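Presented below is the structure to which this report refers.
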Amino acid sequence: MNMDKRVTDADAALKGLKDGMTLMAGGFGLCGIPENLIAALARNGAKNLTCISNNAGVDDFGLGLLLKTKQIKKMIASYVGENAEFERQMLSGELEVDLIPQGTLAERCRAGGSGIPAFFTPAGYGTEVAEGKETREFDGKMYVMERWLRADFSLVKAWKGDTEGNLVFKNTARNFNPLMAMAGTITIAEVEHLVKPGEIEPDHVHTPGIFVHRIFQGKNYEKRIEQRTVRKRA
Amino acid sequence: MNMDKRVTDADAALKGLKDGMTLMAGGFGLCGIPENLIAALARNGAKNLTCISNNAGVDDFGLGLLLKTKQIKKMIASYVGENAEFERQMLSGELEVDLIPQGTLAERCRAGGSGIPAFFTPAGYGTEVAEGKETREFDGKMYVMERWLRADFSLVKAWKGDTEGNLVFKNTARNFNPLMAMAGTITIAEVEHLVKPGEIEPDHVHTPGIFVHRIFQGKNYEKRIEQRTVRKRA
Amino acid sequence: MALDKNQIAKRIARELQDGYYVNLGIGIPTLVANHIPPGINVTLQSENGLLGMGPFPFEGEEDADLINAGKQTVTLLPGSAIFDSATSFAMIRAQKVNLTVLGAMEVSDNGDIASWKIPGKMVKGMGGAMDLVASAENIIVCMMHTNKAGESKLLKKCSLPLTGVGCVKRIITDLGMFEVTPAGFKLTERAPGVSVEEIQGKTEGRLVVEGEVKEMEL
Amino acid sequence: MALDKNQIAKRIARELQDGYYVNLGIGIPTLVANHIPPGINVTLQSENGLLGMGPFPFEGEEDADLINAGKQTVTLLPGSAIFDSATSFAMIRAQKVNLTVLGAMEVSDNGDIASWKIPGKMVKGMGGAMDLVASAENIIVCMMHTNKAGESKLLKKCSLPLTGVGCVKRIITDLGMFEVTPAGFKLTERAPGVSVEEIQGKTEGRLVVEGEVKEMEL
């Protein structure tokens, strides 16, 4: 073993990224998004990107930053309701948008990282999501055939990672990150804590290092909360 | 929350098991097999069972015990080379056997527990495994369509479990156990350490409790080693 | 009198059974968690990857890494489990979740539901709703009986793009509770003080009224 | 002189590149781990759910819960990861494993491989071999050049049930190293002291010999 996958920072991690590429970005809402990599992407300036992510950020954070700079040509997501600029670009036709069911999105990413080119799911049968897709009955129920999703670059955020690329996520910041990590030709992980091999229990690894190609410790995490809901102490 | 899924022991856990049912049993070789549940099955005496398990145990341990008592009508496995009685029953036609690629077996169990009735895999294309199955080209490569596998009862073994059914596996005893846990109409987990809710970190759970219906602490684990390979100290 | 949102949630909560795993959608469904009857233990599944969702955190204890599918800060409970989005929808599609409660814009009398898009106007996306309605064996839709213009949301045929076909089994509105049957919406309970005639007048889809329809107990 | 098993393993080990993830099959392939050249870091994947497989344990430290795909007791290394069987074959099918080394009963000159069954006689099952050969971009097959009866195992067409079609890229036997090309088995190296004529005599499939064939360095 001993494969040191460290790169110096987010900018260095994006080496090889080109206009027109397909990217995946982990996160659910603003929870578990690769903040450093998104900021570096905005600096990088690559254009005509296809972005696959469950959401599109908010106007001034997350993938919203790349919408502002008009680097995104097409967005594949399941829910984009938090972003006014997104809605404007979509309704005006500036932005291509492919909205797909959340479970289908998750499974398509996993399929891309599992060598499964297609699978059947019940989600979306009979709706416009199934238009143009093969449908089939199994055991009396109707299903839609969905294809895998893969990315030139997958950008994920983990809580902890070691230099071999093994990743551990924290709470619901896990979400799409492990699935997108599997589906990248080049997968970059930014982590809050970069540790030495051996500091993560093998049984606690969520993403085995084989799926990760570059890793670095992120900085200045904002971790913005979208809906701060609290209760009063009794 | 607070769903107590405890049953007293392996015999009680098998309540409702009937002749002719389909069972899954976790484990790879003798590593991570549900020892207590297999012993209880032999006592239970249910017949004409279809067993889905990566291997068939050895002559006097693991699923080999159920071959001896001729409770198994059909075996679905990927590798059965360690069991002379198995080979005898198979070659004589007493036992129906469906041998399938190991990765396909794992994925079919996961599919059964994921509501995915069918998927495409490259494994077995052009071989007798693909006979009678749909094949299709995706992006220039040929694939075989495989169906999900589900079981009336899934028998799994974990290292630790809580009364809500959350499971944690140890080292390579994990193998097929989490996948088969997903695919059972009734999933029974035997664990070496049964603990209270809250004693397992939510981030460390390998199998969420929703997949487990009955749980008990096993006893007298033999954990037999098939190939004891060691090195001398320098 | 028509039910308010909390009363709708309270009525739905009476459908919970001990040991249920439940997925509650955004909006009125979320309120159901506040009305779980004593003695009934249910486990809440949040499709962003959490089983055993606890209440909102105390002020100052919010964790940005711990939210529910509505992006609200929540807490863990003893026995909670965290998992990725693929595993989350695996358990949904494999029907391990016993009850799904969600909102809708329209429902048709054959059980179709529309909830995610108003073409050219509101396009937020379906999130996990399409997976949930296509998979759940037990779905309760809750919504207002009419839209802001006073038009029925219980229709012969949905006018908006569908979220799922023939999947809704039960509907609770501010006016009553309905089962979807081959003959149409069967009225099973009236909101207290709401007449069958009022419900008939506000229901565009086929409505089935058999015998005396009892008033809802709250 | 024909190579022994350790020499075959040693020659294969020279194909390892720094940073490779490698899956080694049961038998001769397992021996490759003993010959990894200095300065080359590779990570061994065992398809029962282990990345970063370490050496056999010291006597008395065997753990029944920690085995490799050959069911041998092994150890962990700093940086090892454990996963379930579906994830294990996910990484195999997604071609994250850089090199797969496995044994065979027969190989044909178009790259077909037979390794799992002798009908009516030996039916152990394919284990993970079908997944591995159908997925790996880089497969080395190692085996004896002939069977116990002295018959060639490098054939025009496999006589036994196939494990995979057109997937084998390279073969190492006790007699030499071969690439599978459209014209057949191309001899790239001879075992020390083994003549091209001997190899030709023991190869039933199409053999391509171009120019001087160098002797293998060990």
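Since the model is a prediction, treat every value here as computed from it, not as a measurement.
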**Message:** Checking C:Lys124 against A:Phe86 for the side chain to side chain contact (heavy atoms under 4.5 Å, CB included) test, could you report, in this order, the C-alpha distance in whole Å, the side-chain angles of both residues, the deciding distance, and whether it holds?
**Reply:** CA-CA 10 Å; C:Lys124 292 181 184 302; A:Phe86 184 97; over 6 Å; no
**Message:** For A:Lys133, I'd like to know if atom NZ has over 12 heavy atoms of other residues, nucleotides or ligands within 6.0 Å.
**Reply:**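 Buried by this count: over 12 neighbours within 6.0 Å.
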**Item:** NZ/A:Lys141: more than 12 non-hydrogen atoms of other groups inside 6.0 Å
**Value:**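 Atom NZ in A:Lys141 is crowded, with more than 12 foreign heavy atoms closer than 6.0 Å.
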Heavy-atom distance under 4.5 Å to chain C: side chain of [X], backbone, both or neither?
{"X": "A:Met142", "result": "neither"}
{"X": "A:Val97", "result": "neither"}
{"X": "A:Leu105", "result": "neither"}
{"X": "A:Glu192", "result": "side chain"}
{"X": "A:Asn54", "result": "neither"}

**Asked** Charged N to carboxylate O below 4.0 Å: is that the case for C:Glu59 and A:Lys232?
**Response**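 Result for this pair is yes, salt bridge flagged.
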**Item:** From NZ (C:Lys121) to CG (A:Leu91), nearest 0.5 Å
**Value:**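 Spacing of NZ (C:Lys121) from CG (A:Leu91) equals 12.0 Å.
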[options]: which one forms the most heavy-atom pairs within less than 4.5 Å of chain C?
{"options": "A:Tyr79, A:Phe169, A:Tyr125", "value": "A:Tyr79"}
{"options": "A:Lys223, A:Glu107, A:Arg110, A:Arg233", "value": "A:Arg233"}
{"options": "A:Arg224, A:Glu87, A:Glu226, A:Glu128", "value": "A:Glu128"}

Could you tell me whether the side chain of [X] and the main chain of [Y] form a donor-acceptor pair under 3.5 Å?
{"X": "C:Asp65", "Y": "A:Gly32", "answer": "no"}
{"X": "C:Asp84", "Y": "A:Asn175", "answer": "no"}
{"X": "A:Arg231", "Y": "C:Phe56", "answer": "yes"}
{"X": "C:Thr73", "Y": "A:Arg228", "answer": "no"}

Are side-chain heavy atoms of [X] and [Y] found at a separation under 4.5 Å?
{"X": "A:Phe28", "Y": "C:Lys71", "result": "yes"}
{"X": "A:Leu99", "Y": "C:Trp116", "result": "yes"}
{"X": "A:Leu179", "Y": "C:Ser85", "result": "yes"}
{"X": "C:Leu76", "Y": "A:Asn171", "result": "yes"}
{"X": "C:Arg93", "Y": "A:Pro122", "result": "yes"}

**Item:** Candidates C:Asn68, C:Ile67, C:Val74 - the one meeting side-chain contact (heavy atoms from CB on, under 4.5 Å) with A:Thr172
**Value:**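 Of C:Asn68, C:Ile67, C:Val74, side-chain contact (heavy atoms from CB on, under 4.5 Å) with A:Thr172 is met by C:Ile67 alone.
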**Request:** Apply the side-chain contact (heavy atoms from CB on, under 4.5 Å) test between C:Met130 and each candidate in A:Val129, A:Thr121, A:Val144, A:Thr104; give the one that qualifies.
**Result:**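 By the side-chain contact (heavy atoms from CB on, under 4.5 Å) criterion, C:Met130 pairs with just one of A:Val129, A:Thr121, A:Val144, A:Thr104: A:Val129.
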Region of [X] that comes under 4.5 Å of a non-hydrogen atom in chain A:
{"X": "C:Glu61", "result": "side chain"}
{"X": "C:Lys117", "result": "side chain"}
{"X": "C:Thr163", "result": "backbone"}
{"X": "C:Ala90", "result": "neither"}

**Item:** Considering all heavy atoms, the nearest A:Thr127-C:Gly164 contact
**Value:**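 Taking every non-hydrogen atom into account, CG2-N, 3.9 Å.
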**Request:** Provide the closest heavy-atom pair for C:Asp131 versus A:Gln102 in the form atom of the first, atom of the second, distance.
**Result:**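 Heavy atoms of C:Asp131 and A:Gln102 come nearest at OD2-N, 3.2 Å.
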**Request:** Just give me the residue among C:Gly49, C:Pro57, C:Gly60 that pairs up with chain A most often, heavy atom to heavy atom, under 4.5 Å.
**Result:**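 Looking at each option in turn, the highest pair count goes to C:Pro57.
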**Message:** For the interface with chain A, which of C:Pro161, C:Gly120, C:Gly127, C:Ala64 has the highest count of heavy-atom pairs at distances below 4.5 Å?
**Reply:**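 Looking at each of C:Pro161, C:Gly120, C:Gly127, C:Ala64 in turn, C:Gly127 comes out on top.
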**Request:** Could you walk me through whether A:Val230 and C:Phe58 pass the side chain to side chain contact (heavy atoms under 4.5 Å, CB included) test, one step at a time?
**Result:** CA-CA 5 Å; A:Val230 296; C:Phe58 290 120; over 6 Å; no
**Asked** C:Asp63 and A:Lys170: salt bridge (charged side-chain N to carboxylate O under 4.0 Å, His left out), yes or no, with the steps?
**Response** CA-CA 10 Å; C:Asp63 178 356; A:Lys170 187 158 161 267; 3.6 Å; yes
